[in-house]
Amino acid sequence: MAHLMYFKKIRDELTEVEYLWGPSREQLDSSLVIDKRTFAALPGPPDSPAGQIILRARRGSEWPEVGVIAS
């Protein structure tokens, strides 16, 4: 069975970007900050969508506004 994780960008500054994420569009109850220079997630919870968000940003040359990840 697929596990879905939703994310939404809430802040985009010169050196970092912040996302809310969670199990549904209505339940984005965790936050994640990514350093744009190093691509490090702060903090880096193991179940966060940080890796997929960073991958999408590198492929698309911009930080995604919203998204869903299936695993």
Side-chain angles (χ1 to χ4, degrees):
M1 184 163 101
H3 174 74
L4 298 178
M5 188 177 314
Y6 295 83
F7 63 88
K8 177 181 178 182
K9 182 169 64 172
I10 59 168
R11 182 171 59 93
D12 191 349
E13 296 180 356
L14 184 61
T15 60
E16 59 187 27
V17 60
E18 183 175 4
Y19 288 89
L20 291 178
W21 61 279
S24 72
R25 289 183 182 118
E26 296 78 30
Q27 190 179 353
L28 301 174
D29 51 9
S30 297
S31 67
L32 170 69
V33 176
I34 301 171
D35 185 309
K36 289 180 172 182
R37 296 166 295 175
T38 64
F39 296 103
L42 311 167
D47 61 341
S48 81
Q52 288 295 318
I53 293 171
I54 292 167
L55 182 63
R56 291 178 187 192
R58 286 183 166 183
R59 285 182 180 165
S61 299
E62 64 183 5
W63 293 93
E65 293 292 325
V66 296
V68 62
I69 298 166
S71 60

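Given the structure is predicted, the values throughout are model-derived calculations rather than measurements. Worth knowing before you read on, the calculation uses all heavy atoms, side chains too, and leaves out hydrogens, waters and symmetry mates. Along the sequence shown, residues are numbered consecutively beginning with 1.
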Point to revise | Shortest non-hydrogen contact from M5 toward S48 | key: SD-C, 4.1 Å
Exercise for review: May I ask whether I34 and I69 are part of the same hydrophobic cluster, defined by side-chain heavy atoms of I, L, V, M, F, W, Y residues being less than 4.5 angstrom apart, directly or through others?
Suggested key: yes
Study note, to complete from the structure: Taken in chain and number order and not counting sequence neighbours, the residues that satisfy side-chain hydrogen bond (donor to acceptor under 3.5 Å, both in side chains) with K9 are D12, E65
Check your understanding: Which heavy atom of P49 sits nearest a heavy atom of F7, and at what distance?
Key -> CG-CB, 4.5 Å
Point to revise | Transitive ILVMFWY side-chain link V68 to W21, under 4.5 Å | key: no
Review point. Rounded to the nearest 0.5 Å, how far apart are CG of L4 and OG of S71?
Key: 8.0 Å
Study note, to complete from the structure: Those residues at least two apart in sequence (or on a different chain) that pass side-chain hydrogen bond (donor to acceptor under 3.5 Å, both in side chains) with R11 are E13, E16, E18
Practice item. Fit a plane to each ring of W63 and Y19, take the angle between them on a 0 to 90° scale, and name the class: parallel (under 30°), tilted (30 to 60°) or perpendicular (over 60°). Key: tilted
**Study point:** Test item: V33 and V17 side chains (from C-beta on) under 4.5 Å apart, heavy atoms
**Key:** no
Review point. Can you tell me how far the CZ atom of R58 sits from the CZ atom of F39, to the nearest 0.5 Å?
Key: 4.5 Å
Check your understanding: For the atom pair CD1 (I53) and CG (L32), what is the distance rounded to the nearest 0.5 Å?
Key -> 5.5 Å
Practice item. Scan residues 19-35 for pairs that pass salt bridge (Lys or Arg N to Asp or Glu O under 4.0 Å), counting only residues two or more places apart or in two chains. Key: D35-R37
Check your understanding: Which pair of heavy atoms, one from L28 and one from K8, lies closest together, and at what distance?
Key -> CD1-CB, 3.8 Å
